[in-house]
Each structure stands twice: as structure tokens, then as C-alpha cells.
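Structure, as C-alpha cells:
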Amino acid sequence: MRKYSNEITPSSDGERVEVAGWVHDKRKLGGLVFLIIRDRTGLIQITLPKKFIPPKVFELTRNLSKESVISVVGKVQKEDKAPNGYEIIPDSIEILSRSATPLLLDPTGKVDANLDTRLDNRVMDLRRSEITAIFKIRAAALSQAREFLGNSGFIEVTTPSIISTSSEGGTELFPVSYFEEEAFLAQSPQLYKQMMMGTGLDRVFETAKYFRAEEHDTIWHLNEVSAIDCELAFIKDERDVMKIIEGLVVAMINVVREKCKRELEILNCEIPEPKTPFPMLKYDDALAKLEDCGMKVPFGEDLSSEAEKRLGEVMREEGHDLYFITKYPLEIKPFYTMPDAEEGIYSNAFDMEYKGREIVSGSQRVHEHDLLVERIKEKGLVPENFKSYLSGFKFGMPPHGGFGLGIERFLVLLLGLPNIREAVLFPRDRKRLEP
RNA sequence: GCCCUGGUGGUGUAGCGUGGCCUAUCAUACGGGACUGUCACUCCCGUGACUCGGGUUCAAAUCCCGACCAGGGCGCCA
């Protein structure tokens, strides 16, 4: 019986319907009151002419606070003067929940609020269509990612988030107390997904959480991140991994372009069709390009954010928003990264950049046990701490590689969001643990 | 971890440099009233704020110190 606002049209004229939602706005003109009700799909106008509706129903609107939840039963009336070409003349109104006043922020968006205030009152904030639009798009992209990976032979897995001390290194971990032992929140499922390559499942992915205890406090970093993490076996080299990424990213962008038109409109956002194939720019060539525009990055250093952005501008001028940077120096990549077959100072590691920002990082991995042990030692880590991981490599491990794609970062760049916190329902950053 | 910036009603802001004219601006929200076609309705009346602690001074929203909270950048990374 209950209908959503988008299920009613002017041609429903005369129909008796029930609608329910939040009181978005109330406009009183003496003997005529307009209630604007908001539900998941949009807004609907309830019109109350004093003369034509029961006095009790009219009286209800007197102290009906904004954002209260009500249910309305009434007759649809075609009306050119109404916002959607129709309105509802109520027979009855039931107040399901009264909202307190004053509101902590304004869901109609008439009055601005700082991000901090908005996040403190995230439930109220999420009543705004331009905020929920982000999460509808996020859901569409994620669901498409699952479908694409499923169709490409990947099996979804779930690996532990609570891990013991042994870790891939490179970032600070959050300690947790685990009965009588100390444990940590996983920085990524990296080692587990690699272990899965020794099982015969061949291709796995995980919609993973990364927990990173770095004290960064920027519009580009979070301490709890979501990612699409993949690993695939029997590859020739990292190019097989990049092929998957290209397909995945194109599928995700296109599904948003095609199925989220309304949300993109709400966000006032236009997404161009992704151009394939994504260029593969060697690290050395990236350095050369940067030097051409007066930015010298010494070999063996990772690109600074400034250099990365500059490169993004150069690539955009060449018509590319999406591209890979390949063949990073082995030195600056983690121990599990496969060295280049010909020149050992390079590696089979790459990043995928979107508008001058890194959103994917991946590589072909070392699958040979002894080399892996050697690489762990070279990185100053202790092979004994990686016992269970390493044992997977002793008894038959196919060549493999994989990547992690940051979902929030992807959304920031796709939609041009001003802050990565906008892409998470309840962000966790240096200072925020609530709500 | 390092560096920079800021904290004024429920919300968003003006004022702070050059202390006094601040009994603190404006908008919106909130309470009351008028209004039968609003759609940021309009109009009238009303309530509501200088983060906290210390200092300088005849005098502090304004200057200084500290705490707390927040925003941003770097490194690191998704």
C-alpha cells in the first residue's frame, strides 16, 4: 500500500495512496498548509486546504516539527502548480516519530555546515540527497566490481583482520589485545591473498579493510580504508594483472555513468568515457617527462605528491586521466615484489593513476621460496616471523600477482569529492572515532 | 612524527590587524502571531553566542601563554 514518491505521477490522479517519510519542509499560509515529505526516492507535496480536509488533520500541522516522520493517506490530485505536477490531499496523517528542535544541521541544505559538524551528525547529514548519492554510486560501483571479477573467474574470499606481529612492514599497525597475546589490525590482506595462490583457487578477491595507524591528517588519507584486493595465479608477468585492473576500472566507471545518471545529476558531475587501453608509462619515462617540465626527481625516489600531480597534468594534456606507472625501482617496493627479469634494479611493480593520484598499487610477486627469504632479509625483516606465509611457498606456488584498489580514493577522483571523508559513511581519521 | 592555521547563538558567519564606539553583525533555524497556491513564501514580535584557564591593561571577542577541540600540508601510503 505504501508508495515511494517516484511511484506516483500526475496520471495517478484520483488514486488513494499512502506515503511516508520525513517532514522536509513546512510552509504555512494561514488556511493553506504545504508539507513537503522526503522519502528514499525524492520529495512529495502534501497540500492541506483547511476547508477541504478533516479539522483534526489540519490541526496536526500546527506543532509538527521539521524532520518528524509521518505517514499520510490521501488522494492524489493532478495540479500544475505543484512541484511534480501532482500533490496529495490527505484524509489522515499519522505522526510516527516527532523530531526534536532545533535541528543540529539543516537537511534541506539552506544553511551550510562544516564537514566536522556534518560528520558529528552523520545520520542527519545522510538525509541529504547529494550525500546519499555518493553512497548509491559507491554501492553500484562495488556491485559491478563483484560482477566483473566473478565473470573473470575470481572467487570472493575473506581473510583475517586480526593478525599476529608478522607483517609486511612499511606502515604502522594498530595494536589490539587478543586474550593473553598482543595482536594487530591488518594493514592489508596481502600475505593471505598470496597464500591463497598456493591453494589452487587461482583467482581470488576480497573487499578488504586496511587499517593503518599512520598519523596522517589530510583530505587524502584515512586510518580505516576499503579496498578491492585481487590476486591471480599463472600469470606471465605484471601485464596480466594490469589487464584485469583496466577491465575492472572501466566496468566500474561505466556502470556509474549508465546506471547512476540521477545521482550524477544531483552531484552535478559529468564522467567522460574512459579511454582504453590505459597507457603504460615506465618509471624512467615518468621521470623524463617530469624533467621536461622542470621537475627533477632523483632516480630511486618515489614520486612526491607534487610530482605525481604534475605528471597527471602532463598526461591529461595528452588526453589520459587513467594510466599506469610501471617498472618502479625494486628498492622502494616491498619484499614480495618480483624483480625485473632483465635488470634487477627495476621491479614488476606498478601503480595505476587517476587524474594524477594513485588509486591502485600492484605487482607481480616473488613466488620462489628462496628468493623471497632473501628479499625479506634485504628489507631488514626476519624470515622466522613469516613462517606460515613462507611455508606456502615451499610446496608448490605458481607465478602470481595482484593489486589493491582504494575504493574511497576511486570515488574521490570519479566524483571530484573535496575530501576523502565524504566517501565513507563513518570515517576514521587521526581525530575521529565517533560516530 | 614534523610544519602551518583556526575556535563567536542550534547551524553558517561579520567583528580581531590599529583593545574602548560590542549592551557583538547578518542569514538561517527555533518560539509566538498574520496570511488559501507556497515551492529559499512573505511580514511582525521574541529567545539565543565570544572554547576553557591564566596573564597584560583603567579597559580584552580583540594582545600574550597554556590546555582542549578543529581545519590543512608534508612524509608514508589505498
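Proteins get letters first, then strands, A, B, ... in listed order; numbering begins at 1 in each.
As rounded to whole Å, 23 Å separates atom P of B:C77 from atom CZ of A:Phe410. Summarising the geometry, the separation between NZ on A:Lys193 and P on B:A78 is reported as 10 Å, rounded to the nearest angstrom. Rounding to whole angstrom units, CZ of residue A:Arg62 and P of B:C30 are separated by 15 Å. When the P atom of B:A78 is taken as reference, atom NZ of A:Lys209 falls 17 Å away, rounded to whole Å. The interatomic distance linking A:Glu215 (CD) with B:C3 (P) rounds to 13 Å, in whole Å. Distance A:Leu32 CG to B:C39 P: 12 Å, rounded to the nearest Å. Look at CD on A:Glu214: it is 11 Å from P on B:A78, rounded to the nearest Å. Counting to the nearest Å, the P atom of B:G71 and the CZ atom of A:Arg432 are 7 Å from each other.
Scanning for ring-ring contact (aromatic ring centres under 6.0 Å, His included) contacts around A:Phe350 gives A:Phe324, with sequence neighbours left out. In this structure A:Lys51 satisfies the salt bridge (Lys or Arg N to Asp or Glu O under 4.0 Å) test with no other residue, sequence neighbours excluded. Residues passing the ring-ring contact (aromatic ring centres under 6.0 Å, His included) test with A:His367, sequence neighbours excluded: none.
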In residues 240-253 of chain A, what donor-acceptor pairs under 3.5 Å come from side-chain atoms, sequence neighbours left out?
unit_1   : atom_1 : unit_2   : atom_2 : d
A:Asp240 : OD2    : A:Lys236 : N      : 2.7
A:Glu246 : OE1    : A:Phe278 : N      : 2.9

Return all side-chain donor-acceptor pairs below 3.5 angstrom for residues 32-39 of chain A, not counting sequence neighbours, or 'none' if the list is empty.
unit_1  : atom_1 : unit_2   : atom_2 : d
A:Arg38 : NE     : A:Arg127 : O      : 3.4
A:Arg38 : NH1    : A:His24  : ND1    : 2.9
A:Arg38 : NH1    : A:Glu67  : OE2    : 3.1
A:Arg38 : NH2    : A:Glu67  : OE1    : 2.8
A:Asp39 : OD1    : A:Ser5   : OG     : 3.1
A:Asp39 : OD1    : A:Thr41  : N      : 2.8
A:Asp39 : OD1    : A:Thr41  : OG1    : 2.9
A:Asp39 : OD1    : A:Gly42  : N      : 3.1
A:Asp39 : OD2    : A:Ser5   : N      : 2.7

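For the P atoms, the distance linking B:C44 with B:C26 amounts to 13 Å, nearest Å. Distance noted for atom P between B:A59 and B:C16: 22 Å (whole Å). Between B:C22 and B:A60, the two C1' atoms lie 12 Å apart (nearest whole Å). Look at the P atom in both B:U25 and B:G10: the space between them is 15 Å, to the nearest Å.
The side chain to side chain donor-acceptor pair (under 3.5 Å) contacts involving residues 87-98 of chain A comprise A:Arg16-A:Asp91, A:Gln45-A:Glu87, A:Thr47-A:Glu87, where partners must be two or more places apart or lie in separate chains. Screening residues 99-116 of chain A for side chain to side chain donor-acceptor pair (under 3.5 Å) gives A:Asp106-A:Thr108, A:Asp116-A:Arg432 as the qualifying pairs, with residues at least two apart or on separate chains.
Mapping A:Ser226 and A:Asp217 onto RNA chain B via the closest heavy atom, the residue that lands nearer the 5' end is A:Asp217.
The partner of B:A61 is absent, by the rule that a Watson-Crick or G-U pair needs both atom distances under 3.5 Å. In this entry B:U38 has no Watson-Crick or G-U wobble partner, no candidate having both defining distances under 3.5 Å. Base-pair partner of B:G1: B:C74 (Watson-Crick or G-U wobble, both distances under 3.5 Å). In this structure B:C69 sits in a base pair with B:G6, meeting the Watson-Crick or G-U test at under 3.5 Å. Pairing for B:C26 goes to B:G12, judged as Watson-Crick or G-U wobble with the two contacts each under 3.5 Å. Across the strands present, B:G17 finds no partner; the criterion is a Watson-Crick or G-U wobble pair with both atom distances under 3.5 angstrom.
A donor-acceptor contact closer than 3.5 angstrom is absent between the side chains of A:Glu238 and A:Thr326. There is no side-chain donor-acceptor pair under 3.5 Å between A:Ser129 and A:Thr132.
When heavy atoms are screened at a 4.0 angstrom cut-off, A:Glu408 is found touching no nucleic acid atom at all. Note on A:Val360: only backbone sugar-phosphate atoms sit closer than 4.0 angstrom, heavy atoms only; bases stay farther off. Residue contacts shown for A:Phe34 include a base, since a base heavy atom lies under 4.0 Å away. A:Asp125 comes within contact range of no nucleotide atom at all, as no heavy-atom separation falls under 4.0 Å. Nucleic acid contact for A:Leu222: base, since at least one base atom lies under 4.0 Å from a heavy atom of the residue.
Listed by residue number, there are no residues of residues 143-161 of chain A with a heavy-atom contact under 4.0 Å to RNA chain B. Scanning residues 303-311 of chain A for heavy-atom distances under 4.0 Å to RNA chain B yields A:Ser304, A:Ser305. Residues from residues 73-98 of chain A placing a heavy atom under 4.0 Å of any atom in RNA chain B, listed by number, are A:Glu79, A:Lys81, A:Ala82, A:Pro83, A:Glu87.
Considering every non-hydrogen atom in both A:Arg257 and A:Pro274, the closest pair reads CD-CD, 4.4 Å. Between A:Tyr346 and A:Leu330 the shortest heavy-atom distance is O-CB, 3.8 Å. Across A:Gly404 and A:Asp229, no two heavy atoms sit closer than the pair CA-OD1, 3.9 Å.
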Set out, line by line, the N/O atom pairs under 3.5 Å between protein and nucleotides 40-42 of chain B.
unit_1 : atom_1 : unit_2  : atom_2 : d
B:C41  : OP2    : A:Asp25 : OD2    : 3.4
B:C41  : OP2    : A:Arg27 : NH1    : 2.0
B:C41  : N4     : A:Lys28 : O      : 2.5

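Of the residues listed (A:Asp429, A:Asp120, A:Asp125), the one engaging A:Arg421 in a salt bridge (Lys or Arg N to Asp or Glu O under 4.0 Å) is A:Asp429, and it is the only one. Among A:Thr218, A:Leu222, A:Asp217, the one residue that satisfies the side chain to side chain contact (heavy atoms under 4.5 Å, CB included) test with A:Arg430 is A:Asp217.
Surrounding NZ of A:Lys75 are at most 12 heavy atoms belonging to other residues, nucleotides or ligands under 6.0 Å away. By the 6.0 Å contact criterion, CZ on A:Phe299 is enclosed, its count of non-hydrogen atoms from other residues, nucleotides or ligands being greater than 12. The environment of A:Lys136 atom NZ is dense: over 12 non-hydrogen atoms of other residues, nucleotides or ligands sit within 6.0 angstrom.
With hydrogens and angles left out, the side chain of A:His221 and the base of B:C76 share a donor-acceptor pair within 3.5 Å.
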Fill in the blank from the handout: Per-nt protein contacts along nucleotides 4-13 of chain B (heavy atom under 4.0 Å; B base, S backbone sugar-phosphate only, - none) come out as ------SBSS
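OP1 or OP2 of B:G72 lies within a sub-4.0 Å distance of a side-chain N or O belonging to A:Arg421.
Not a single donor-acceptor pair under 3.5 Å links the side chain of A:Arg212 to the backbone N or O of A:Glu224.
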Exercise for the section: With side-chain contact (heavy atoms from CB on, under 4.5 Å) as the test, would you mind laying out the steps for A:His400 and A:Gln194 before giving the verdict? Expected result: CA-CA 8 Å; A:His400 64 277; A:Gln194 281 193 263; 3.0 Å; yes
